[in-house]
2 protein chains.
Amino acid sequence: MDNLRMTTQRKIILEALKKSQSHPSADRVYEFVRGEIPNISLGTVYRNLEIMYRQGMIVRIETPDGQKRFDYDTSNHPHFRCEECGKIEDIPLPLTAPPLDPRSEWVSKRKILSSTVNYQGLCSDCISKA
Amino acid sequence: MDNLRMTTQRKIILEALKKSQSHPSADRVYEFVRGEIPNISLGTVYRNLEIMYRQGMIVRIETPDGQKRFDYDTSNHPHFRCEECGKIEDIPLPLTAPPLDPRSEWVSKRKILSSTVNYQGLCSDCISKA
DNA sequence: CTACCTGCAAATTGTTTGCTGTGTC
DNA sequence: GACACAGCAAACAATTTGCAGGTAG
């Protein structure tokens with residue numbers, strides 16, 4: 001039941017993510033992949049992104065505009081989101097969330113598994129447009 | 001055009017958020033508010049949450065389960081999300097994202113406006129259930 | 001009195017799912 | 001050859017929007 005198959009579709013979807021710097025939405029991935037497999041279905045794209053996400057093969061990013069974005073890079077790295085155009089970029093600096101003191105009472109009652117850091121602002125494109 | 005009115009509905013929605021510790025979704029806010037104004041419409045709740053969010057009166061939180069949550073506390077504080085039950089809690093510790101070095105080339109090309117820190121794991125309820 | 005706002009319902013948007021045939025391992 | 005997976009379309013869930021009447025300032 002957990003036996004993954006590397007179908008042509010899955011391979012190309014993963015490839016699309018790998019090539020893209022832009023953390024595309026399912027929709028964008030669909031558009032791209034249709035260049036290679038014109039009759040692929042949107043459902044297949046969603047299904048594969050979900051499966052690969054659950055496998056930990058890719059990362060899923062929540063956004064304020066209600067569309068999930070996907071990232072090929074599974075290393076824990078911070079994202080920067082442009083508040084103007086919505087673009088999401090990787091921040092190429094080693095940054096991690098401050099560690100939670102395990103001796104604190106609040107922390108000791110919970111099990112902390114992971115953390116994420118995000119920055120927002122204006123990207124270089126949107127700055128030069130303004 | 002940016003002239004806000006404090007209608008009964010808006011007041012009660014804000015009140016509901018203020019009372020709630022649980023970072024409710026629009027749906028939950030709707031349920032609560034119906035206790036006071038039985039014939040309020042869900043559209044009104046959405047409209048008001050959106051307006052108040054845009055005014056900076058409240059905070060909107062993205063979640064992996066595809067429902068936005070809202071927070072009365074607009075101070076920049078970290079959230080903890082339980083991966084089991086989806087509950088979102090405020091972390092009562094002074095924690096901020098690491099500052100970005102403005103001298104770095106990457107940073108200098110952008111305008112950083114804000115940052116958020118999030119932690120994920122298991123809440124105390126879900127630990128004791130396991 | 002003037003727009004902003006409400007309730008209602010219909011429309012959109014993003015995503016999921018049931019079905020039936022297919023291709024991977 | 002079994003069983004995960006594809007395509008297709010219909011179903012869903014969260015949120016948005018058009019309209020006509022109501023109300024705060």
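In what follows, chains are A, B, ... by sequence order, proteins preceding strands, each numbered from 1.
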### Task
Could you state the atom-to-atom distance from OH of A:Tyr53 to C1' of C:dT16 in whole Å?
16 Å
### Query
Going by the angle between their ring planes, with limits at 30° and 60°, are A:His23 and A:His77 parallel, tilted or perpendicular?
tilted
### Query
If you take atom types as modelled and just measure distance, does the side chain of A:Arg5 reach the base of D:dC3 with a donor-acceptor pair under 3.5 Å?
yes
### Message
Is the positively charged end of A:Arg60 above the ring of A:Phe70, judged by distance under 6.0 angstrom from the centroid and angle within 45° of the axis?
### Response
no
### Message
Tell me the interatomic distance from B:Ile51, atom CD1, to C:dC5, atom C1', rounded to whole angstroms.
### Response
8 Å
### Message
Here's a test of your reading of the structure: between A:Thr8 and B:Arg69, which maps to the more 5' nucleotide of DNA chain D?
### Response
A:Thr8
### Message
If I take atom CD in residue A:Glu50 and atom P in nucleotide C:dG14, what distance separates them, rounded to the nearest angstrom?
### Response
17 Å
### Query
For D:dA6, does either OP1 or OP2 sit under 4.0 Å from a side-chain N or O belonging to A:Thr7?
yes
### Message
Between B:Ser75 and B:Asp73, is there a side-chain donor-acceptor contact under 3.5 Å, judged purely by atom types and distance?
### Response
yes
### Query
Given atom NZ of B:Lys68 and atom P of D:dA14, what is their separation to the nearest angstrom?
12 Å
### Task
Specify the separation, in whole Å, of atom CD of B:Gln9 and atom P of D:dT23.
9 Å
#### Entry: Carboxylate-amine/guanidinium contact B:Lys18 B:Glu15, below 4.0 Å
no
### Task
State whether A:Tyr46 places a side-chain N or O below 4.0 Å from either non-bridging phosphate oxygen (OP1 or OP2) of C:dT16.
no
### Query
Under 4.0 angstrom, heavy atoms only, what part of the nucleic acid is A:Asn39 near: base, sugar-phosphate, or nothing?
sugar-phosphate
### Query
Looking only at side chains, do B:Asp65 and B:Thr63 share a donor and an acceptor under 3.5 Å apart?
yes
### Query
Starting at the 5' end of DNA chain D and moving along, which residue's nearest nucleotide shows up first, A:Val45 or B:Met6?
A:Val45
### Task
With heavy atoms under 4.0 Å as the rule, sort A:Asn48 into base, sugar-phosphate or nothing.
sugar-phosphate
### Message
Whole angstroms only, please: what is the CG-C1' distance between B:Asn3 and C:dT2?
### Response
11 Å
### Task
Report the distance from atom CG of A:Leu42 to atom P of D:dG7, rounded to the nearest whole Å.
11 Å
### Query
Less than 3.5 Å between a donor and an acceptor, one on the side chain of A:Arg47 and one on the base of C:dG18, is that the case here?
yes
## Note on the structure
Rounded to whole Å, the CZ-P distance (B:Arg10 to D:dG25) equals 10 Å
